[in-house]
Asker: 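Got a structure for you, written out below as structure tokens; questions coming shortly.
Remember, it's 1-based here, ligands and their atoms both numbered in the order they're listed. The structure displayed is predicted, hence computed values, not measured ones.
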Amino acid sequence: MKGVRQKDTAPEVAVRRCLHAHGLRYSLHRRDLPGRPDIVLPKRRTVVFVHGCFWHAHDCAHGTVAAKRNADFWAEKLSANRARDLRVQEQLRRQGWHVEVVWECQASDRAYLGTLTRRLLSR
Ligand SMILES: [Zn+2]
């Protein structure tokens, strides 16, 4: 998936800003963890992935837009991405991590981020 993952995307920055504003401290893109999670909160034993709706095949309007050219290629690629995400999440859970996924379409939703933040603060 080289070239697919971008760092510091707008949704990612929005999530980080919210966590930081509530006193949560994290590290970024830890290479030593499966899937290199976008945000890692060691004290809360939690990792957060901020997923683009298209690339990670979210079940929302942005994620289900069919790529018209090379439809078969995209269907295969996106379902492989999705399978990989689930495998990585499973590995992390087995290592004792809580796994949170914030979809791109949720990252600008303050109420959603507020709920996530409260959940993290309670760990
Ligand atoms: Zn979405």
Side-chain angles (χ1 to χ4, degrees):
M1 285 233 296
K2 256 185 199 162
V4 171
R5 285 290 289 283
Q6 287 179 301
K7 284 186 188 180
D8 303 322
T9 60
E12 216 178 296
V13 170
V15 174
R16 268 149 51 180
R17 229 176 242 149
C18 182
L19 300 183
H20 195 268
H22 289 85
L24 289 161
R25 295 298 176 259
Y26 46 77
S27 43
L28 301 176
H29 308 288
R30 286 237 325 241
R31 288 166 186 279
D32 58 323
L33 292 176
R36 213 210 285 183
D38 298 308
I39 301 168
V40 181
L41 300 100
K43 258 176 75 180
R44 318 276 167 180
R45 200 68 191 160
T46 298
V47 301
V48 182
F49 288 96
V50 183
H51 277 171
C53 293
F54 178 74
W55 287 108
H56 296 269
H58 191 208
D59 186 18
C60 74
H62 310 286
T64 53
V65 168
K68 292 201 172 105
R69 269 185 209 188
N70 300 320
D72 290 348
F73 167 81
W74 283 111
E76 201 170 304
K77 171 140 188 83
L78 296 180
S79 87
N81 286 354
R82 183 91 191 108
R84 181 180 172 279
D85 288 341
L86 296 177
R87 206 162 54 235
V88 161
Q89 289 167 25
E90 185 53 40
Q91 285 172 356
L92 286 160
R93 288 198 187 95
R94 273 204 304 269
Q95 294 180 17
W97 292 92
H98 298 280
V99 179
E100 302 281 352
V101 174
V102 178
W103 293 97
E104 180 184 6
C105 63
Q106 299 167 325
S108 53
D109 181 338
R110 296 174 69 94
Y112 180 88
L113 291 184
T115 304
L116 171 71
T117 302
R118 277 191 299 279
R119 194 157 66 232
L120 295 180
L121 286 168
S122 74
R123 279 183 189 148

Asker: Which count of protein N, O or S atoms is obtained for distances strictly below 2.8 Å from the Zn ion (ligand 1)?
Answerer: 4

Asker: Quick one: salt bridge (Lys or Arg N to Asp or Glu O under 4.0 Å) partners of D59, sequence neighbours excluded?
Answerer: none

Asker: With rounding to the nearest 0.5 Å, note down the distance linking CZ in F49 to NE2 in H56.
Answerer: 9.0 Å

Asker: Pairs in or reaching into residues 101-123: which pass ring pair (Phe, Tyr, Trp, His ring centres under 6.0 Å), with residues at least two apart or in two chains?
Answerer: H51-W103, H58-W103

Asker: Holding to salt bridge (Lys or Arg N to Asp or Glu O under 4.0 Å), I want the full list of residues that pass it with R123, two or more places apart in sequence or in another chain.
Answerer: E100

Asker: Is there a donor-acceptor pair closer than 3.5 Å between any side-chain N or O of R45 and the backbone N or O of H98?
Answerer: no

Asker: Does R16 pair with D38 as a salt bridge, N-O distance under 4.0 Å?
Answerer: no

